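Accompanying notes for the structure given below.
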Amino acid sequence: MRFTSTPRGARLARRLVAHRLDSWGHPYASAVHETVTAVTAELAANAVRHGHVPGRDFHLALTESAEEVPVLRVEVTDTRGDRWPRPGPAPGGEGGRGLLLVAALARDGGTVPRTAGPGKTVWAEVVT
């Protein structure tokens, strides 16, 4: 899915993931739903705030594995390859805690270079 690199785009990404999770059998009030939605919100907000390139959108992918214990994977791709995420507070103490939240909620996560041009994909996996 592709979204404008704006706060509205990040909000729509979170809402679409919430709707999709519910349709996949993860109800709105469930812990898995709340966790994946929070992870999505943080990764999308970071793509807008730190990965924004004027005129370029960000992409979001949500997948669920077919394992015995399924894993939900959120991937957010932006086109800014010169700014890579750093977990932890930013110098000066403002911001920078969102990726610590993602690390606490997710089973695994990371960042890889974008394969189709400049940029990066930030991903996180949550066990259902």
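No hydrogens, no waters, no symmetry mates; every other heavy atom, side chains included, goes into these values. Only a predicted model underlies this, so the values are computations on that prediction, with no experimental measurement involved.
With sequence neighbours excluded, the residues that form a side-chain hydrogen bond (donor to acceptor under 3.5 Å, both in side chains) with T4 are T6. In this view, S5 and H52 satisfy the side-chain hydrogen bond (donor to acceptor under 3.5 Å, both in side chains) rule, not counting sequence neighbours. Shown here are the side-chain contact (heavy atoms from CB on, under 4.5 Å) partners of E68, two or more places apart in sequence or in another chain: there are none. Considering only residues two or more places apart in sequence or on other chains, R49 meets the side-chain contact (heavy atoms from CB on, under 4.5 Å) condition with none of them. In this view, E34 satisfies the salt bridge (charged side-chain N to carboxylate O under 4.0 Å, His left out) rule with no residue, not counting sequence neighbours. The side-chain hydrogen bond (donor to acceptor under 3.5 Å, both in side chains) search around T128 returns none, not counting sequence neighbours.
Applying the salt bridge (Lys or Arg N to Asp or Glu O under 4.0 Å) rule to pairs touching residues 109-123 yields D78-K120, sequence neighbours excluded. The stretch residues 99-128 participates, sequence neighbours left out, in no ring pair (Phe, Tyr, Trp, His ring centres under 6.0 Å) pair at all.
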Please tabulate, for side-chain N and O atoms in residues 106-113, each donor-acceptor pair with protein atoms closer than 3.5 Å (sequence neighbours left out).
{"unit_1": "R107", "atom_1": "NH2", "unit_2": "E125", "atom_2": "OE1", "d": "2.6"}

Review item, side-chain donor-acceptor pairs of residues 55-63, under 3.5 Å, at least two apart:
{"unit_1": "D57", "atom_1": "OD2", "unit_2": "R2", "atom_2": "NE", "d": "2.7"}
{"unit_1": "D57", "atom_1": "OD2", "unit_2": "R2", "atom_2": "NH2", "d": "3.3"}

Could you list the donor-acceptor pairs under 3.5 angstrom formed by side chains in residues 10-28, with sequence neighbours left out?
{"unit_1": "S23", "atom_1": "OG", "unit_2": "R20", "atom_2": "O", "d": "2.8"}
{"unit_1": "H26", "atom_1": "NE2", "unit_2": "E64", "atom_2": "OE2", "d": "2.9"}

After noting the C-alpha distance and the side-chain angles of N46 and V76, does the key distance pass the side-chain contact (heavy atoms from CB on, under 4.5 Å) rule?
CA-CA 9 Å; N46 282 352; V76 176; over 6 Å; no
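Taking all atoms of both residues into account, the shortest heavy-atom contact from V48 to P7 is CG1-N, 3.8 Å.
Taking Ile, Leu, Val, Met, Phe, Trp and Tyr as hydrophobic and joining them when side-chain heavy atoms fall under 4.5 Å apart, one finds V71 in a cluster with V69, V127.
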